[in-house]
Each structure stands twice: as C-alpha cells, then as structure tokens.
Amino acid sequence: WASAVYAVTDAIPFYDIGAVYQTIQGVCDETQGQSDGATSIGEPSDGTSATFVLPTPTLVSEVTLNVARNFGLPAMSSIMTTTCMFEVSPAFAGGTAIDLMLSIETTAAEQSTIAALVPGLDQALTFPSGRVLETLKEGSSKVPVRISYLSPSLRIARPLEYGQEPVAVFVYTRKVG
C-alpha cells in the first residue's frame, strides 16, 4: 500500500516539498496521565483505585508543499497535515524497534494560500481520508510502521508492507525550540 501512495504523490507535477514534521502525542508524556496519589517521587505507591485514562496516541504528519511553476499564476503553498491514531503492535516484545499500526484519520490542507483568498475554504480542505480509504478497500487506512530510536533526538521510521521488509526509510530529528 505504501508504495502505491508514493507512486501517486510522486506523479503530481510542478511541486516542491518543503519542511516535514511529525508530532507524536499521548505516549511517554510526563504532563499526561494520572497520579497514583503519592505526594512525592520518594513515597511508595500502594497502587491506585483510580482508573487510568490515557490519551489516545496520535501522530500528526505535516508536509509543506510549494507549487511555484504555475505558468504565470502566483505561487501556492499549503501544509498537508495527516492525522493518525496508532497503537503498539500486540506482538511487540521489547528491543530496539517498536512496531506501530497507524490508522489514518484525516488529511487537511492547512495554511493554504488558496484558502486565504476564499473565507471558509480552509474547513472544506479537511478530507476524511481514513474513511474514504476504508470505503475503497477494507484495511487500507492502516499502515504498519517500524520505529527505531537511535538516540533521544534521532528516530528512524520504516513503513512496512504487511509481513514484508520495510519499503522506505525516513530519518527524523527532534525539533529544537
């Protein structure tokens, strides 16, 4: 599936890719989650009767697209933003790589120069890509990805074809500031 998506996006003419960012939320975040009632880090925990409500883990991918070769028309740009939910693969047994299953939710053209010209158009530029993919082919909104953390600031993501080897390699560094 990933190779089909790359083939479609690679075939779009007259665009340049700018900055690419991924934001992961809802995991390993000290500001989220719930306390067990201990008043300090040194106090032993007796457990908790509270139900832990953890946020749904999300991955937001932002890709800046610039379309400048418009045959005399003004340049256009937008930040194509895809929001995914994810879960760690039930088969994950620890180690250096984590297998995730991404579930694509929506895709939006944010900060679009076209939407800036037409009030309200920015809302119309949000697309339920996950539902549409599922309508076309069941399971197609799900993308398995293997994540390897090489350091606290360097991460490698490898989209997987089901049961196969990675089809691409993406290297991400932590955004500073």
Side-chain angles (χ1 to χ4, degrees), residues 1-10 17 19-38 41 45-65 78-111 123 125-176:
W1 168 251
S3 56
V5 171
Y6 299 138
V8 169
T9 57
D10 289 347
I17 296 178
V20 177
Y21 297 100
Q22 283 189 343
T23 304
I24 298 173
Q25 297 175 323
V27 291
C28 302
D29 187 343
E30 295 174 3
T31 64
Q32 297 176 339
Q34 220 173 15
S35 170
D36 67 356
I41 192 82
S45 173
D46 293 327
T48 180
S49 59
T51 302
F52 281 89
V53 179
L54 298 175
T56 302
T58 60
L59 181 142
V60 177
S61 177
E62 298 174 306
V63 179
T64 302
L65 292 181
S78 71
I79 299 175
M80 297 306 295
T81 304
T82 301
T83 302
C84 304
M85 302 300 179
F86 70 87
E87 58 188 36
V88 176
S89 169
F92 176 64
T96 59
I98 302 170
D99 287 349
L100 303 178
M101 181 60 74
L102 300 179
S103 298
I104 299 169
E105 297 286 320
T106 60
T107 302
E110 297 181 351
Q111 299 179 24
Q123 297 300 320
L125 295 177
T126 298
F127 184 70
S129 48
R131 282 197 323 249
V132 170
L133 289 167
E134 286 299 312
T135 300
L136 296 173
K137 182 179 178 192
E138 186 176 337
S140 64
S141 70
K142 307 235 184 273
V143 180
V145 177
R146 179 164 294 144
I147 303 291
S148 301
Y149 289 91
L150 301 181
S151 74
S153 63
L154 189 61
R155 172 172 51 100
I156 295 180
R158 297 174 181 93
L160 306 170
E161 291 290 339
Y162 293 93
Q164 304 296 319
E165 291 298 311
V167 295
V169 176
F170 299 94
V171 178
Y172 295 92
T173 60
R174 184 175 297 275
K175 185 178 178 181
V176 179

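Between Met85 atom CE and Leu100 atom CG the span is 14.0 Å, to the nearest 0.5 Å. One distance of note links CD1 of Ile104 with CZ of Phe127; it measures 11.5 Å at 0.5 Å rounding. Of the inter-residue distances, the one linking Phe170 atom CZ with Ile147 atom CD1 reads 10.5 Å to the nearest 0.5 angstrom. Note that CD1 of Ile17 and CE of Met80 are 11.5 Å apart. Values are rounded to the nearest 0.5 Å. A distance of 4.5 Å separates CD1 of Ile79 from OG1 of Thr64, quoted to the nearest 0.5 Å.
Residues passing the side-chain hydrogen bond (donor to acceptor under 3.5 Å, both in side chains) test with Ser61: none are found, sequence neighbours excluded. Considering only residues two or more places apart in sequence or on other chains, Ser103 meets the side-chain hydrogen bond (donor to acceptor under 3.5 Å, both in side chains) condition with Lys142. The side-chain hydrogen bond (donor to acceptor under 3.5 Å, both in side chains) check on Tyr21 picks up nothing, with sequence neighbours excluded.
In plain terms, the two heavy atoms of Thr126 and Thr106 that are nearest each other are CG2-CB, 4.3 Å. Minimum heavy-atom separation, Pro144 to Met101: N-SD, 3.8 Å. Across all their heavy atoms, Ala168 and Pro159 have their closest contact at O-CD, 3.4 Å. Minimum heavy-atom separation, Leu102 to Phe86: CD2-CB, 3.5 Å.
In terms of modelled atom types and a separation under 3.5 Å, the side chain of Ser140 and the main chain of Leu133 share a donor-acceptor contact. Within the 3.5 Å criterion, the main-chain N or O of Gly139 finds a donor-acceptor partner in the side chain of Glu134.
Side-chain atoms of Thr83 and Glu105 include no donor-acceptor pair closer than 3.5 Å.
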Step-by-step side chain to side chain contact (heavy atoms under 4.5 Å, CB included) determination, Val145 to Leu160: CA-CA 5 Å; Val145 177; Leu160 306 170; 6.0 Å; no

